[in-house]
Amino acid sequence: MTAPRRAALYARVSTDEQSTGMQLDDLRRLAEHRGWKIAGEYIDQGISGAKASRPDLDRLMADTRAGRLDVVAVWRFDRFARSTQHLLAALEEFRAVGVDFVSVRESIDTSTPMGRMVFTMVAAVAELERELIRERVIAGIRR
């Protein structure tokens, strides 16, 4: 019998007046449904998603790098990262260490073939965007 997957549940709200309760309820139900062991709940309260560095997000990433997690679950992409660049960098880091990523509301799950395909398409669009920006910068410097 294999050990249950160790899951990180990440929730964030932008203001102290908001609650992460709805996000966490959905994430806990997902973990129970999938038979995951909740390794940690990482909650950033009252912190903008535009900030790449947040206390519990930083802790989650450290636990990922330390091999303490098998899957990271979020309620929505925008709760985890506001910019595509930040999201893709984190997803690439997860991929490199064998950690899957699940977004409940967008129905993305990188442990499935369809989820990996969607991630690959998003990554390809992001790469195209980076290259176009690079070309424009180089053209601007030449000019």
Side-chain angles (χ1 to χ4, degrees), residues 1-140:
M1 184 173 158
T2 58
R5 300 188 79 205
R6 299 164 298 168
L9 309 183
Y10 180 78
R12 181 191 61 77
V13 290
S14 300
T15 69
D16 288 324
E17 292 77 34
Q18 295 171 300
S19 169
T20 58
M22 180 176 62
Q23 295 175 47
L24 290 170
D25 288 346
D26 284 352
L27 291 168
R28 289 174 188 137
R29 275 193 293 276
L30 174 69
E32 182 179 352
H33 175 74
R34 298 270 184 104
W36 296 338
K37 176 183 180 262
I38 298 174
E41 292 185 355
Y42 302 79
I43 302 164
D44 283 314
Q45 180 82 31
I47 300 175
S48 170
K51 294 183 178 186
S53 179
R54 295 171 238 143
D56 265 23
L57 178 60
D58 294 346
R59 188 169 63 88
L60 181 149
M61 297 306 289
D63 287 349
T64 299
R65 292 178 196 112
R68 295 184 189 109
L69 304 171
D70 300 309
V71 61
V72 172
V74 301
W75 192 67
R76 284 178 49 122
F77 284 154
D78 69 352
R79 299 296 87 203
F80 184 76
R82 280 281 170 90
S83 77
T84 303
Q85 183 178 16
H86 180 236
L87 175 65
L88 290 173
L91 291 178
E92 183 57 32
E93 188 168 343
F94 294 154
R95 187 200 59 75
V97 296
V99 171
D100 288 316
F101 181 83
V102 176
S103 174
V104 174
R105 303 302 286 178
E106 286 93 0
S107 298
I108 299 295
D109 180 347
T110 64
S111 71
T112 68
M114 184 62 77
R116 285 189 297 277
M117 189 259 326
V118 170
F119 170 69
T120 300
M121 290 174 53
V122 170
V125 170
E127 183 177 342
L128 173 63
E129 181 183 5
R130 281 191 302 271
E131 287 300 316
L132 291 173
I133 290 169
R134 183 178 160 272
E135 287 177 2
R136 284 193 296 263
V137 168
I138 291 170

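Computed from a predicted structure; not experimentally measured. Index from 1, following the sequence.
A donor-acceptor pair under 3.5 Å is formed between the side chain of R6 and the backbone N or O of G67. Judged by distance alone, with hydrogens and angles left aside, the side-chain atoms of D44 form a donor-acceptor pair with the main-chain N or O of L57 at under 3.5 Å. A donor-acceptor pair is defined here as one N or O able to donate and one able to accept, closer than 3.5 Å; no such pair exists between the side chain of T20 and the backbone of Q23.
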- Message: Please determine whether side-chain contact (heavy atoms from CB on, under 4.5 Å) holds for the pair I138 and E135, giving the CA-CA distance in whole Å, both sets of side-chain angles, and the decisive distance to 0.1 Å.
- Response: CA-CA 5 Å; I138 291 170; E135 287 177 2; 5.9 Å; no
- Quick one: do V71 and R34 satisfy side-chain contact (heavy atoms from CB on, under 4.5 Å)? Show the steps, please. CA-CA 11 Å; V71 61; R34 298 270 184 104; over 6 Å; no
- Query: Can you check side-chain contact (heavy atoms from CB on, under 4.5 Å) on F94 and T110, steps first, answer last?
  - Reply: CA-CA 10 Å; F94 294 154; T110 64; over 6 Å; no
- Task: Would you sort out whether R95 and E92 count as a salt bridge (Lys or Arg N to Asp or Glu O under 4.0 Å), showing the intermediate values?
- Result: CA-CA 5 Å; R95 187 200 59 75; E92 183 57 32; 2.4 Å; yes
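Remark: K37 NZ to E32 CD distance equals 15.5 Å, nearest 0.5 Å. Taking CD1 from I108 and CG from D100, the interatomic distance works out to 12.5 Å, rounded to the nearest 0.5 Å. With rounding to the nearest 0.5 angstrom, the CE atom of M22 is 10.5 Å from the CG atom of L27. Between atom CG of residue L24 and atom CG of residue L9 there is a gap of 7.0 Å, rounded to the nearest 0.5 Å. Atom CZ of residue R105 and atom CG of residue D26 lie 6.5 Å apart, to the nearest 0.5 angstrom.
Aromatic ring orientation, F80 versus Y10: perpendicular (interplanar angle above 60°, classes split at 30° and 60°).
Side-chain contact between R54 and R12 is present, with at least one heavy-atom pair separated by less than 4.5 Å. The shortest side-chain heavy-atom distance between E93 and T64 does not fall under the 4.5 Å cut-off. D58 has its side chain out of reach of M61: every pair of non-hydrogen atoms, C-beta onward, lies at least 4.5 Å apart. Using a 4.5 Å heavy-atom cutoff, the side chains of R28 and W36 are not in contact.
The shortest heavy-atom contact between V13 and R79 is CA-NH1, 3.8 Å. Closest approach of V74 to F101, counting heavy atoms only: CG2-CZ, 3.5 Å. Across every non-hydrogen atom of L69 and A39, the tightest pair is CD2-CB, 3.7 Å. Closest heavy-atom contact between P4 and G35: CB-O, 3.3 Å.
Environment of CZ in R65: crowded, with over 12 heavy atoms of neighbouring residues, nucleotides or ligands closer than 6.0 Å.
Checked by atom type, the side-chain pair Q18/T15 shows a donor-acceptor distance below 3.5 Å.
In this structure, D70 does not pair ionically with R5, as no charged nitrogen and carboxylate oxygen lie closer than 4.0 Å.
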